Amino acid sequence: MDEIDKRIIYYYLKDSRSSQRAISNELKISPQVLKYRFDKMVSSGIIKKFVLHIDPSLQNLSKAFVAVKSRYDLKNIFAEISCLEEISIYGIYGTYDEIIGRIKDIKNKLGNLTMEYIPRINDNINITPNDRLIIDELKKDPRKPASDIANDLNLSYKFVNRRIDYLMKKHLINVIPIIDLSMTDISILAIFSSRFNELKNIINDISIINVEDQNYGLAILLSENLLNAKAIIDKCRSVDPNVNVMVVYNYSFYS
């Protein structure tokens with residue numbers, strides 16, 4: 001893997017729905033060269049797949065994040081993140097009472113958790129029947145162009161593109177590339193802070209996933225290398241000395 005391949009992955013991690021033409025323009029290479037390199041990374045297993053993550057709130061369900069000091073067999077999860085600190089972070093979903101019960105069961109078996117976070121359901125959203133049709137199309141292909149979705153649903157391109165932007169900015173959906181990090185030099189960090197709002201200026205441009213609730217928040221951050229990751233950690237700790245920072249070596253998200 002050379003520097004161009006690494007930059008390609010970096011752009012896909014930042015915005016998985018970026019078109020190959022847009023990325024090729026950023027990298028100043030031809031779309032044909034980008035496609036060749038992308039296809040090669042897919043066939044070699046560096047880029048495994050793209051997953052559409054749908055926030056449980058769209059099904060009127062709650063979500064929670066728990067971190068434990070060992071792997072734990074959990075059902076009804078939408079995320080599993082393995083960290084170098086021998087910590088596993090799980091995203092779980094269900095009704096609020098179900099989540100409280102499951103967290104209690106985990107504590108009974110494993111003791112205190114490294115982290116537990118139950119954000120409030122985001123009720124400040126405006127979801128239309130057409131939004132759900134658009135999401136159904138993205139389930140089939142998370143990177144399906146808005147123009148193709150518009151054509152298949154007999155909707156205008158501008159409307160579909162605007163609604164996808166809305167859903168993603170509200171963190172109701174997210175397209176996540178599953179990358180074999182062991183085959184790259186890219187670093188991914190998971191951070192949890194009770195002073196999340198104060199960290200936004202540091203993390204906004206490098207955040208893959210944000211989950212926040214008042215001052216609390218969890219973010220998955222992208223860094224080009226370990227040296228850059230250390231600089232990010234130092235900046236975060238200068239603002240919040242108690243921020244939880246974990247270095248991710250493997251992750252999965254489920255639609």
Side-chain angles (χ1 to χ4, degrees), residues 13 16 48-125 127 132 135-136 138-139 142 167-168 170-179 181 188-194 196 199 203 207-222 242-255:
L13 283 166
S16 293
K48 297 180 180 180
K49 59 183 177 179
F50 291 84
V51 174
L52 177 70
H53 168 60
I54 302 171
D55 191 88
S57 65
L58 289 181
Q59 297 177 309
N60 294 317
L61 296 174
S62 296
K63 66 182 173 225
F65 294 90
V66 296
V68 299
K69 290 208 170 183
S70 60
R71 296 202 63 181
Y72 188 70
D73 186 20
L74 279 171
K75 296 179 181 178
N76 293 341
I77 65 173
F78 61 83
E80 181 177 358
I81 302 168
S82 302
C83 304
L84 290 178
E85 295 80 1
E86 298 183 356
I87 291 171
S88 295
I89 303 172
Y90 295 94
I92 62 178
Y93 66 90
T95 66
Y96 181 81
D97 289 341
E98 286 172 343
I99 286 177
I100 293 298
R102 292 172 71 192
I103 291 176
K104 183 178 179 181
D105 289 342
I106 297 170
K107 287 180 177 178
N108 287 339
K109 292 177 181 177
L110 301 179
N112 289 333
L113 303 178
T114 303
M115 178 197 77
E116 74 177 87
Y117 174 42
I118 308 176
R120 294 186 303 175
I121 291 180
N122 182 5
D123 53 8
N124 184 28
I125 56 176
I127 299 299
R132 296 193 182 276
I135 290 171
D136 286 341
L138 291 172
K139 286 179 183 177
L167 293 168
M168 296 190 75
K170 289 288 186 179
H171 306 298
L172 296 172
I173 64 170
N174 199 358
V175 178
I176 302 169
I178 306 301
I179 307 294
L181 295 175
I188 292 181
L189 305 173
I191 71 162
F192 176 70
S193 173
S194 61
F196 197 77
L199 298 178
I203 68 174
S207 176
I208 305 171
I209 293 174
N210 267 10
V211 182
E212 56 184 294
D213 176 17
Q214 296 178 335
N215 288 327
Y216 286 85
L218 173 75
I220 308 300
L221 308 178
L222 176 62
N242 297 315
V243 63
N244 287 337
V245 181
M246 292 150 281
V247 180
V248 176
Y249 69 85
N250 194 25
Y251 65 100
S252 295
F253 281 81
Y254 312 100
S255 55

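In this text, all values refer to a predicted model and were calculated from it rather than measured experimentally. Position 1 is the first residue of the sequence; numbering continues from there.
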Practice task
State, to 0.1 Å, how close F196 and L218 come at their nearest heavy-atom pair, and which atoms those are.
Solution key: CE1-N, 3.9 Å

Fill in the blank from the handout: Here the gap from Y96 atom OH to L61 atom CG, rounded to the nearest 0.5 Å, amounts to 14.5 Å

Exercise for the section: Considering non-hydrogen atoms only, spot the tightest contact between P56 and Y93 and give its length. Expected result: CG-CB, 3.7 Å

Exercise for the section: Look up atom CD1 in I179 and atom NZ in K49, then write down how far apart they are to the nearest 0.5 Å. Expected result: 12.0 Å

Problem - Side chain proximity check, L199 to V243, heavy atoms < 4.5 angstrom - result: yes

Exercise for the section: Compare all side-chain heavy atoms of R132 with those of L58 and state whether any distance is below 4.5 angstrom. Expected result: yes

Exercise for the section: State, to 0.1 Å, how close L222 and L13 come at their nearest heavy-atom pair, and which atoms those are. Expected result: CD1-CD1, 3.4 Å

Handout entry: H53 NE2 to L172 CG distance, which is reported to the nearest 0.5 Å
Key = 9.5 Å

Practice task
Locate the shortest heavy-atom distance separating K63 from V211; write the atom from each residue and the value.
Solution key: CE-CG1, 3.7 Å

Exercise for the section: Please indicate whether Y254 has more than 12 foreign heavy atoms, meaning atoms of other residues, nucleotides or ligands, lying under 6.0 Å from its OH. Expected result: yes

Exercise for the section: Quick one: pull up CG in D105 and CG in L110 and give me the separation to the nearest 0.5 Å. Expected result: 10.5 Å

Exercise for the section: Could you please spell out the steps behind the side-chain contact (heavy atoms from CB on, under 4.5 Å) verdict for D55 and H171? Expected result: CA-CA 7 Å; D55 191 88; H171 306 298; 5.8 Å; no

Handout entry: Residues L221, I208; criterion side-chain contact (heavy atoms from CB on, under 4.5 Å); working and verdict
Key = CA-CA 6 Å; L221 308 178; I208 305 171; over 6 Å; no

Exercise for the section: With side-chain contact (heavy atoms from CB on, under 4.5 Å) as the test, would you mind laying out the steps for V247 and C83 before giving the verdict? Expected result: CA-CA 5 Å; V247 180; C83 304; 5.9 Å; no

Problem - Ring center gap for F78 and F65 short of 6.0 angstrom - result: yes

Exercise for the section: For residues N244 and I191, determine if any side-chain heavy atom of one lies less than 4.5 Å from a side-chain heavy atom of the other. Expected result: no

Handout entry: Check against side-chain contact (heavy atoms from CB on, under 4.5 Å), I89 and M115
Key = CA-CA 8 Å; I89 303 172; M115 178 197 77; 4.1 Å; yes

Practice task
Would you indicate whether the side-chain heavy atoms of V68 and I106 approach each other to under 4.5 Å?
Solution key: yes

Problem - T95 versus D97, side-chain donor and acceptor atoms under 3.5 Å - result: no

Problem - Close side-chain approach of K107 and L113, heavy atoms under 4.5 Å - result: yes

Handout entry: Close side-chain approach of L138 and L167, heavy atoms under 4.5 Å
Key = no

Exercise for the section: For the pair K69 and E85, find out whether any cationic side-chain nitrogen is under 4.0 Å from an anionic carboxylate oxygen. Expected result: no

Exercise for the section: Check whether any side-chain heavy atom of I118 lies under 4.5 Å from a side-chain heavy atom of I100, and answer yes or no. Expected result: yes

Problem - For the student: nearest non-hydrogen atoms of F253 and I178, plus distance - result: N-CD1, 3.9 Å

Practice task
For N108, look at atom CG and say whether over 12 heavy atoms of other residues, nucleotides or ligands are found less than 6.0 Å away.
Solution key: yes

Practice task
Measure the OH-OG distance between Y90 and S82 for me, rounded to the nearest 0.5 Å.
Solution key: 6.5 Å

Problem - Heavy-atom pair with the smallest gap, counting every atom of S194 and Y216 - result: CB-CE2, 3.4 Å

Problem - Atom pair NZ (K139) and CD1 (I135), whose distance is rounded to the nearest 0.5 Å - result: 7.5 Å

Handout entry: Note, L189 side chain near I220 side chain (heavy atom, < 4.5 Å)
Key = no

